[in-house]
Engineer: 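I'd like to ask some things about the structure below.
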Amino acid sequence: MAGDFRLMGVVNVTPDSFSDGGRFLEADAAIAHGVRLADEGAAILDVGGESTRPGAEPVSEAEELRRVMPVLEGLAAGPDHPLLSIDTSKLAVARAALDAGAGLVNDVTAFRAEPGVAALVGERGADCCLMHMLGEPRSMQANPRYDDVVSDVKAFLEERLAFALGEGVAEERVLLDPGIGFGKTLEHNLELLRRLDEIVAIGRPVVVGTSRKSFLGSLTGRAVEDRLAATIASNVLAYARGASVFRVHEVAPVRDALAVAAATVAEPWTTSPTATTRS
Ligand code: HH2
């Protein structure tokens, strides 16, 4: 059932991210951007130093640290800063980020790239986001195939959740993400959004990242900078199907849209079989 929601604002410290590459490469610009997103209502700021767009080249550990650390330190120094998330798959980057005040590790490989990240998250009592991706960014959009995309993604997330718990991560610390656009065709993305309730049924909060992604461009014919309306529509629909964390580049407009969606659909409806009418 739809309920509370949190906005995760994207702070990309990269030269090559698909929608904002190069805009926040300087630490000061990235910090200012994060502060603005927090002011607009982001409960989480997701700081990333490596693009995962289709075809992206990997970044070295040293370079990733150089990009993200001053930004995390700057954001952590602010009063009442939101939960800081590090978007990384590297153990050394995750450790340094947690040391600097991050409280969430957003790993698009769900602890497959460096499995030691799981034990680190467990030891530190941090939150984590485990995302589904088929293949790796360099090649993931080359003819992705599934038996049934929703069942396959669900089985993957259940397996990665079990792995994380086995490494000492507390269940209440885990968020799950179907990985919109990561090794998926337009139809795969739509099917995942349509049947998102099946992923929600795993029982952990579900994160969705549709913001400005290319499937929205395919549907609307819009360039990457003109996909806000499409982003809002996809987030509202994901909310209605039970997603609770929304990873977006533009926080304020999505927050407004979700506030209206929440007021309209969330309460007092319930999916409980014993209370199917309005109270
Ligand atoms: N999408 C991107 C990056 N990280 N993390 C999660 N959990 N879910 C997502 O959907 C997700 C993610 C891609 O978006 P962006 O960061 O804007 O682009 P790039 O990877 O090119 O930096």
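Just follow the structure's listing: the first ligand is 1, and inside any ligand the first atom is 1.
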Engineer: Return the closest protein heavy atom for atom 18 (O) of ligand 1 as residue, atom name and distance.
Structural biologist: F18 CD2, 3.2 Å
Engineer: For residues K154 and A201, report the shortest heavy-atom separation together with the two atoms involved.
Structural biologist: NZ-CB, 4.4 Å
Engineer: If you measure every N/O of S19 against every N/O of ligand 1, is any gap under 3.5 Å?
Structural biologist: no
Engineer: Hey, is V108 touching ligand 1 through its side chain, its backbone, both or neither, going by heavy atoms under 4.0 Å?
Structural biologist: side chain
Engineer: Do E64 and T88 have a side chain donor and acceptor closer than 3.5 Å?
Structural biologist: yes
Engineer: Using the rule given for salt bridge (Lys or Arg N to Asp or Glu O under 4.0 Å), can you reason through D152 versus R145, listing the C-alpha separation, both sets of side-chain angles and the distance that settles it, and then say yes or no?
Structural biologist: CA-CA 10 Å; D152 290 6; R145 285 170 189 273; over 6 Å; no
Engineer: Kindly determine whether S85 and L45 satisfy side chain to side chain contact (heavy atoms under 4.5 Å, CB included), including the steps that lead there.
Structural biologist: CA-CA 6 Å; S85 165; L45 292 176; over 6 Å; no
Engineer: Heavy-atom distances under 4.0 Å decide this one: backbone, side chain, both or neither, for R212 against ligand 1?
Structural biologist: neither
Engineer: Is there a polar contact, in the sense of an N or O pair closer than 3.5 Å, between H249 and ligand 1?
Structural biologist: yes
Engineer: Using the ring of each side chain (for Trp, its six-membered ring), is H249 parallel, tilted or perpendicular to F18, with breaks at 30° and 60°?
Structural biologist: perpendicular
Engineer: Within a reach of under 6.0 Å around CD of E63, are more than 12 heavy atoms found that belong to other residues, nucleotides or ligands?
Structural biologist: yes
Engineer: Can you list the ligand 1 atoms lying under 4.0 Å from a non-hydrogen atom of G209?
Structural biologist: 10 (O)
Engineer: Looking only at distances, can you tell me whether any N or O atom of V10, backbone or side chain, sits closer than 3.5 Å to an N or O atom of ligand 1?
Structural biologist: no
Engineer: For ligand 1, is there an N or O atom under 3.5 Å from any N or O atom of T14?
Structural biologist: no
Engineer: Between M131 and ligand 1, which part of the residue brings a heavy atom under 4.0 Å of the ligand: side chain, backbone, both or neither?
Structural biologist: side chain
Engineer: Considering only heavy atoms, does C129 approach ligand 1 within less than 4.0 Å through its side chain, its backbone, both, or neither?
Structural biologist: side chain
Engineer: Any nitrogen or oxygen of D177, main chain or side chain, under 3.5 Å from a nitrogen or oxygen of ligand 1?
Structural biologist: yes
Engineer: Please state which part of N106 comes within less than 4.0 Å of ligand 1, counting heavy atoms only: side chain, backbone, both or neither.
Structural biologist: side chain
Engineer: Minimum distance, heavy atoms only, to atom 16 (O) of ligand 1: which one of R53, R247, K213 is it?
Structural biologist: R247
Engineer: What I want to check is whether the side chains of D107 and S89 have a donor and an acceptor closer together than 3.5 Å.
Structural biologist: yes
Engineer: Which ligand 1 atoms does D87 reach within 4.0 Å, using its non-hydrogen atoms?
Structural biologist: 3 (C), 4 (N)
Engineer: Any chance CZ of R112 has more than 12 other-residue heavy atoms, nucleotides or ligands included, within less than 6.0 Å?
Structural biologist: yes
Engineer: Does this structure show an ion pair linking D127 with R173, if we count only N-O contacts that are shorter than 4.0 Å?
Structural biologist: yes
Engineer: Between S51 and ligand 1, is there a nitrogen or oxygen pair with a distance under 3.5 Å?
Structural biologist: yes
Engineer: Ligand 1 and D16, any nitrogen or oxygen pair closer than 3.5 angstrom?
Structural biologist: no
Engineer: Would you confirm whether the ring centroid of F182 sits within less than 6.0 angstrom of the ring centroid of H132?
Structural biologist: no
Engineer: Apply side-chain hydrogen bond (donor to acceptor under 3.5 Å, both in side chains) to residues T14 and N12 and explain how you reach the verdict.
Structural biologist: CA-CA 6 Å; T14 61; N12 280 327; 5.1 Å; no
Engineer: Look at atom 22 (O) of ligand 1 and say which protein heavy atom is nearest, naming residue and atom and giving the distance to 0.1 Å.
Structural biologist: S17 OG, 2.4 Å
Engineer: Show me which atoms of ligand 1 lie under 4.0 Å from any heavy atom of T52.
Structural biologist: 2 (C), 3 (C), 13 (C), 19 (P), 20 (O), 21 (O)
